[in-house]
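Worksheet: one structure, shown below.
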Number of protein chains: 4
Amino acid sequence: MEHAVKARRLPRVVRERQMVDAAVRCFARHGYRAASMDEIAELAGVSKPLVYLYLGSKEELFTACIRREAGALLGAVAAGAEGAGLPPDERLWAGLLAFFTYAAEHPDSWMVLSLRARTQGEPFAGELARLRDEIVGFVAGLIGEAAREADGVVTGRDVNALAQALAGAAESLATWANETPGVTAKEAAATLMNFAWAGLGNLMKSERWSPR
Amino acid sequence: MEHAVKARRLPRVVRERQMVDAAVRCFARHGYRAASMDEIAELAGVSKPLVYLYLGSKEELFTACIRREAGALLGAVAAGAEGAGLPPDERLWAGLLAFFTYAAEHPDSWMVLSLRARTQGEPFAGELARLRDEIVGFVAGLIGEAAREADGVVTGRDVNALAQALAGAAESLATWANETPGVTAKEAAATLMNFAWAGLGNLMKSERWSPR
Amino acid sequence: MEHAVKARRLPRVVRERQMVDAAVRCFARHGYRAASMDEIAELAGVSKPLVYLYLGSKEELFTACIRREAGALLGAVAAGAEGAGLPPDERLWAGLLAFFTYAAEHPDSWMVLSLRARTQGEPFAGELARLRDEIVGFVAGLIGEAAREADGVVTGRDVNALAQALAGAAESLATWANETPGVTAKEAAATLMNFAWAGLGNLMKSERWSPR
Amino acid sequence: MEHAVKARRLPRVVRERQMVDAAVRCFARHGYRAASMDEIAELAGVSKPLVYLYLGSKEELFTACIRREAGALLGAVAAGAEGAGLPPDERLWAGLLAFFTYAAEHPDSWMVLSLRARTQGEPFAGELARLRDEIVGFVAGLIGEAAREADGVVTGRDVNALAQALAGAAESLATWANETPGVTAKEAAATLMNFAWAGLGNLMKSERWSPR
DNA sequence: CATGAATGAGCATTCATTCAT
DNA sequence: GATGAATGAATGCTCATTCAT
């Protein structure tokens with residue numbers, strides 16, 4: 001008779017996924033503090049006590065969101081950029097494309113990862129820092145590889161600052177692209193790639209801009 | 001009678017400045033939601049009703065913070081980059097240097113502008129968007145000027161995306177520099193300038209990176 | 001198939017005993033309100049619904065605890081003091097010793113009976129009052145018997161007040177002995193016996209202390 | 001016009017007293033856990049936030065209750081028993097009378113001090129222990145004084161156990177008197193005095209009851 | 001001008017209790 | 001017989017905001 005109208009008595013794993021889904025949306029829309037457990041529970045279609053039973057607390061729930069979404073983003077970028085035989089520029093391009101595509105297709109996830117989480121102190125900052133470190137490390141690896149191929153001379157600190165700037169530019173562009181109608185992930189990735197590769201090339205050739 | 005213990009009966013402008021000062025610190029430290037009017041009033045050394053009398057509400061107070069700090073940042077960048085006769089690269093360099101210097105010297109101000117404000121919806125986003133538009137516009141102007149000088153061919157959309165990427169990289173680098181001990185404003189500015197100018201030059205010469 | 005890992009399918013009586021055991025511990029440790037059915041169920045090694053199935057409700061469970069422990073205490077005291085042929089002082093001594101021994105050997109039980117139960121209103125107070133009445137009645141019986149032997153003149157009200165005071169002193173001493181390391185049950189019983197018997201003797205000889 | 005119908009805008013000290021009054025009633029009636037801040041606030045005729053503003057938290061409020069009531073009880077007993085020139089028995093009598101009178105006239109206060117506070121762990125137990133120690137110390141002082149006057153030989157441990165038993169009997173009798181209609185404070189005090197003094201005298205003469 | 005007094009509304013969290021299997 | 005799944009109803013606590021003086 002009943003056609004699972006409200007889907008009661010679901011197994012725990014399913015419920016947990018629903019809850020984290022709802023939480024990601026709410027945290028993305030309102031931020032950590034402004035998001036209320038009531039709203040999350042209602043959006044997930046369950047009662048508040050169940051959220052606490054399964055996820056523990058608001059803090060743990062937020063951490064679970066960050067972990068899950070960070071894993072998904074990392075997975076997408078890694079899957080896009082893995083091609084071992086490809087030259088570094090091709091792999092950077094693939095990684096950037098995968099990154100912008102993920103950000104465009106999962107705006108709530110990207111919102112949580114890029115903005116909401118940073119504004120809270122520990123323990124969220126740490127969780128987020130790990131994601132950023134992995135991405136920056138991945139980019140720094142590509143830059144270093146390219147530098148070796150080109151016999152360029154760059155210090156480790158330079159490589160890190162560059163990777164940092166590139167990651168920052170990517171973050172900023174992704175948010176901007178999400179907010180600006182008509183900008184595709186491919187365009188955003190191309191812009192950044194153009195912007196970055198030439199600059200990287202120059203740096204590796206030690207042709208630097210200097211004041212005066 | 002009066003022991004001048006706590007400097008009573010100050011003119012309104014002074015009191016307001018004290019309050020906004022306190023508010024910037026609190027918002028920077030805790031974020032918009034987590035900052036409490038109690039703490040702000042106490043830090044400003046006034047009673048809570050006075051804050052409401054002068055600044056209206058928490059929302060208006062936050063807006064006042066954003067406006068004042070955005071004005072200060074813009075003023076600093078404009079003052080640094082104004083030299084009318086200088087070539088565009090020198091002016092971009094001066095602007096970047098002024099920007100990173102401001103962010104380093106006023107970390108609370110930069111915190112409010114870069115992170116805290118974005119995480120809240122309207123009307124703060126709008127306030128912030130205006131600051132960003134001004135900065136991006138300034139950068140875009142420089143890029144356009146340079147493009148004309150170099151007879152390069154770039155569309156307006158390209159210029160905007162570039163300015164956006166540059167601004168994003170700058171934002172990200174500024175936060176990173178503030179969090180990383182030993183990184184000076186000048187280093188950060190130099191890194192970005194190197195990174196950017198070559199890429200911009202290539203773009204304007206229409207030498208683009210493209211996949212495959 | 002079954003590894004007998006957790007002793008499933010036990011007879012109801014055994015399960016109930018486990019539950020009440022666990023409940024006594026929890027109520028003793030946290031008090032009625034602060035003890036949670038979750039903790040009790042977990043400590044008993046069963047699921048919560050089973051607790052409800054067997055014991056009905058938190059209130060009924062607590063009542064069951066009081067009843068069982070009160071019965072055990074009464075049984076211990078009665079067993080100790082029954083010797084029909086002995087003189088009343090010997091029987092009081094035996095009863096006191098049994099009482100302090102029980103309190104020392106079953107601290108959780110004594111905690112529930114002495115403190116936790118009283119702080120809750122009906123219906124627990126009633127349950128407890130019955131235990132107290134039985135003990136006070138037993139003591140009053142001994143006092144009355146001794147009074148008759150000594151041809152003393154005491155009213156029923158006096159006997160009751162005396163028994164009440166004696167019971168109170170005993171309660172207080174038992175708790176104090178449990179909390180004070182190095183105090184044995186026998187010492188506590190002796191202290192009270194010394195304290196009490198002389199006063200009782202005086203009273204029965206109508207040698208009373210009176211002010212002025 | 002307005003006849004102070006609800007007495008708004010009262011000075012802080014008055015409000016605090018009202019709140020603690022209400023809290024003592026609620027804690028006495030329901031115990032610490034079961035008493036709700038809502039009920040306390042309503043009974044005090046104020047809003048809940050005001051209770052928190054002035055008293056801090058439920059724990060601090062309870063502590064404030066214990067402190068205030070313990071002080072009042074101690075003050076009453078001390079005032080009753082101070083007569084420096086009187087013999088120890090007269091002073092014990094006066095102290096007991098003051099004690100039972102206080103317990104009879106302030107049943108909620110006595111409830112809080114005697115039962116409610118004990119069932120909670122720290123920090124309430126400590127607060128309460130101090131009251132008990134003061135009373136037991138006072139009683140022990142009297143017993144010791146009497147022992148010296150009578151050239152009796154009692155160890156310090158005996159004196160403490162006796163004082164403990166006496167205090168316990170007093171506590172128990174006070175509660176019993178409060179619960180039993182028709183028992184006056186004077187009767188309760190006399191019963192205990194009779195009960196105690198003879199026993200104390202015997203002990204000091206080393207005439208002890210011993211089994212067998 | 002400036003503040004002590006006061007609150008309505010909301011939030012994270014917990015708990016006793018009950019179904020559906 | 002036994003349990004995983006689920007919740008209604010509180011509870012302690014906080015905060016932005018406003019009067020009355």
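Labels below follow one simple rule: chain letters A, B, ... track the order of the sequence lines, proteins then strands, and each chain is numbered from 1.
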Side chain to side chain, Arg33(C) and His30(D), heavy atoms closer than 4.5 Å | no
Value in whole Å for how far the P atom of dG12(F) lies from CD of Glu42(D) | 14 Å
Gln18(B) CD to dA2(E) C1': how many Å, rounded?
-> 14 Å
Protein and nucleotides 17-21 of chain F: nitrogen or oxygen contacts under 3.5 angstrom:
residue : atom : partner  : partner atom : Å
dT17(F) : OP2  : Tyr52(B) : OH           : 3.1
dT17(F) : OP2  : Lys58(B) : N            : 3.0
dT17(F) : O4   : Lys48(B) : NZ           : 2.5
dC19(F) : O2   : Arg9(D)  : NH1          : 2.7
dC19(F) : O2   : Arg9(D)  : NH2          : 3.2

Closer than 4.0 Å, any side-chain N/O of Arg15(D) to the OP1 or OP2 of dA6(E)?
-> yes
Going by heavy atoms in the side chains, are Leu50(D) and Met19(D) under 4.5 Å from each other?
-> yes
Knowing that exactly one of Val46(B), Leu55(B), Leu53(B), Val51(B) qualifies, which makes a side chain to side chain contact (heavy atoms under 4.5 Å, CB included) with Arg15(B)?
-> Val46(B)
Residue mapping more 5' on DNA chain F - nearest nucleotide basis, Leu53(C) or Ala35(B) | Leu53(C)
Decide yes or no for Met111(D) and Val24(D): does some side-chain heavy atom of the first lie under 4.5 Å from some side-chain heavy atom of the second?
-> no
Provide the Watson-Crick or G-U wobble partner of dA20(E), both distances under 3.5 Å; none if there is no partner.
-> dT3(F)
Rounded distance (nearest 0.5 Å) linking atom CD of Gln18(A) with atom CD1 of Ile40(A) | 14.0 Å
note: Arg33(D), atom CZ; dT13(E), atom P; distance rounded to Å ~ 16 Å
From Leu128(D) CG over to Thr63(D) OG1, what is the distance, rounded to the nearest 0.5 angstrom?
-> 10.0 Å
Grab the CD-P distance between Glu39(A) and dA12(E) for me, whole Å please.
-> 10 Å
Can you tell me how far P of dA12(E) sits from CE of Met19(A), to the nearest Å?
-> 16 Å
Write down the distance between CG (Leu55(D)) and P (dA6(E)), rounded to a whole number of angstrom.
-> 13 Å
Residue whose closest nucleotide on DNA chain E lies nearer the 5' end, Leu50(D) versus Ser47(B) = Ser47(B)
Euclidean distance, atom NE2 of residue His30(B) to atom P of dA16(F) [Å, nearest integer] | 11 Å
Send over the distance from Tyr32(D) OH to dT11(F) C1', rounded to a whole Å.
-> 12 Å
Pick the nucleotide of DNA chain E nearest each of Tyr54(B) and Ser36(A); which residue has the one closer to the 5' end?
-> Tyr54(B)
In Watson-Crick or G-U wobble terms, both distances under 3.5 Å, what is the partner of dG12(F)?
-> dC11(E)
Pick base, sugar-phosphate or nothing for Arg12(A), based on heavy-atom distances below 4.0 Å to the nucleic acid.
-> sugar-phosphate
pair Tyr32(B)-Lys58(B): side-chain heavy atoms closer than 4.5 Å | yes
